Amino acid sequence: MGQIIDGKMISKSVKDKVREQTEKLKEQGIVPGLAVIIVGENPASQIYVRNKQLACEEVGFESYKYALPESTTQAKLLELIKKLNADERVNGILCQLPLPEHIDESTVINNISPKKDVDAFHPVNVGKIMIGDYSFLPCTPAGVMELIASTGTEISGKECVVVGRSNIVGKPMAMLLLHKSGTVTVCHSKTVDLKAQCKRADILVAAVGVKKLIKGDMVKQGAVLIDVGMNRDENGKLCGDIDFESCKDKASYITPVPGGVGPMTIAMLMKNTLTAAIEQNKEKLNVNNL
Ligand code: NDP
């Protein structure tokens, strides 16, 4: 059986480092702050927001939660974002998606200051990632890169297959693997022979949202398998896009769901917020003491 990549443990070590640096920032009078906005009552979003607040507590950040009713107008939400863009205590702004239908997500994202866009969804940050000159990386793909690094796997020259092409996961994931000189293939719902594509992969990242789509006969012996998917199986149990049971013996390394990519996403959000706090206070800080 392949080795299981322990996302919980790796995310803890990322958060430990963030906490240590936060303590040093605090010695210089800076407390990193993350504003989290949630609109409406989506139960999954409520859990994500709660977990992000808990992570802030863990690393020593201030968190500012804005829970707005479902009926909130786009204008009201943009007003709040404008206020937070100008608030010095707030280094990162995160607007939990999805938003209610009457609010346009891209308008909201475009109104967050790129300097405080710790999700790295703003077009300015997306463009910087494309060029390879960035301050923040989107949290989930950045977390996946940490998980791959933890295995000691060299990406350069490897066949990397990303299944899924969303703006949040698939596309930036492909770009990060390309920056590390992987030979990258991106698959999606119109890919003709998904099995043939996946079978070539030395590193396979599945970000689809279809439970257990990738089966053992679709992967190469010795591949590194990273599962971003978060789905419910027939019994309501959390499961990924990769069929763990049929793939685990072929993989050299494999992430579980839960306990793989999920915890990394929040850890990387903490890392981005710390980076934002340092960048925004560059003039005031003695960076040699960080
Ligand atoms: P999206 O729905 O935005 O994108 C899914 C992608 O998968 C699309 O590009 C789609 O293709 C492709 N796809 C759908 N069906 C197939 C198929 N049968 N074969 C090949 N490709 C297919 O999802 P996200 O990227 O936002 O999320 C993907 C998964 O990752 C979800 O389960 C989500 O819950 C999870 N997730 C987990 C996170 C974590 O922290 N662990 C964070 C973010 C997401 P097309 O473009 O052609 O429609």
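In each ligand, atom 1 is the first atom listed, and ligand 1 is the first ligand listed. Computed from a predicted structure; not experimentally measured.
Looking at atom 4 (O) of ligand 1, its nearest protein heavy atom turns out to be Ser166 CB, 3.8 Å. Ranking the protein heavy atoms by distance from atom 8 (C) of ligand 1 puts Arg165 N, 3.9 Å first. Regarding atom 29 (C) of ligand 1, its nearest protein heavy-atom neighbour is Gly209 N, 3.6 Å. Looking from atom 43 (C) of ligand 1 to the surrounding protein, the closest heavy atom is Val169 CG2, 3.8 Å.
Listed by atom number, the atoms of ligand 1 under 4.0 Å from Thr265 heavy atoms are 39 (C), 40 (O). For ligand 1, the atoms lying closer than 4.0 Å to a non-hydrogen atom of Gly164 are 6 (C), 7 (O), 9 (O). Listed by number with element, the atoms of ligand 1 under 4.0 Å from a non-hydrogen atom of Asn231 are 32 (O).
With atom 33 (C) of ligand 1 as the reference point, the heavy atom nearest to it among His188, Met230, Met173, Lys171 is part of Met230. Proximity annotation for atom 16 (C) of ligand 1: of Val208, Val257, Thr140, Ile266, Val208 comes nearest, heavy atoms only. Looking at Cys139, Ser189, Pro141, it is Ser189 that brings a heavy atom closest to atom 45 (P) of ligand 1.
With rounding to the nearest 0.5 angstrom, the CG atom of Asn85 is 4.0 Å from the CD1 atom of Ile93. To the nearest 0.5 angstrom, Leu177 atom CG is 9.5 Å from Ile226 atom CD1. Atoms CG and NZ, from Leu25 and Lys284 in turn, are 11.0 Å apart once rounded to the nearest 0.5 Å.
More than 12 heavy atoms of other residues, nucleotides or ligands sit less than 6.0 Å from atom NZ of Lys199. The local environment of NZ in Lys82 is sparse, with at most 12 non-hydrogen atoms from other residues, nucleotides or ligands closer than 6.0 Å. For Lys220, the NZ atom counts as densely surrounded, since its 6.0 Å shell holds more than 12 non-hydrogen atoms of other residues, nucleotides or ligands. More than 12 heavy atoms of other residues, nucleotides or ligands sit less than 6.0 Å from atom NZ of Lys26.
Note that atom 25 (O) of ligand 1 has protein non-hydrogen atoms nearby, at separations under 4.0 angstrom.
Ligand 1 does not have Gly170 within reach: every non-hydrogen atom of the residue lies 4.0 Å or more from it. At least one heavy atom of Gly262 sits less than 4.0 Å from an atom of ligand 1. Residue contacts with ligand 1 include Val228, since one or more of its heavy atoms lies under 4.0 Å from the ligand.
Close N/O approach between Val261 and ligand 1 is not found [any backbone or side-chain N/O within under 3.5 Å].
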Could you walk me through whether Lys76 and Glu79 pass the salt bridge (charged side-chain N to carboxylate O under 4.0 Å, His left out) check? CA-CA 5 Å; Lys76 270 271 171 233; Glu79 206 177 288; 3.7 Å; yes

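The stretch residues 55-72 participates, sequence neighbours left out, in these side chain to side chain donor-acceptor pair (under 3.5 Å) pairs: Lys15-Glu58. Annotation: salt bridge (Lys or Arg N to Asp or Glu O under 4.0 Å) contacts involving residues 132-161, sequence neighbours excluded, comprise Glu146-Lys271, Glu159-Arg200.
Residue Thr191 does not touch ligand 1, judged by heavy-atom distances below 4.0 Å.
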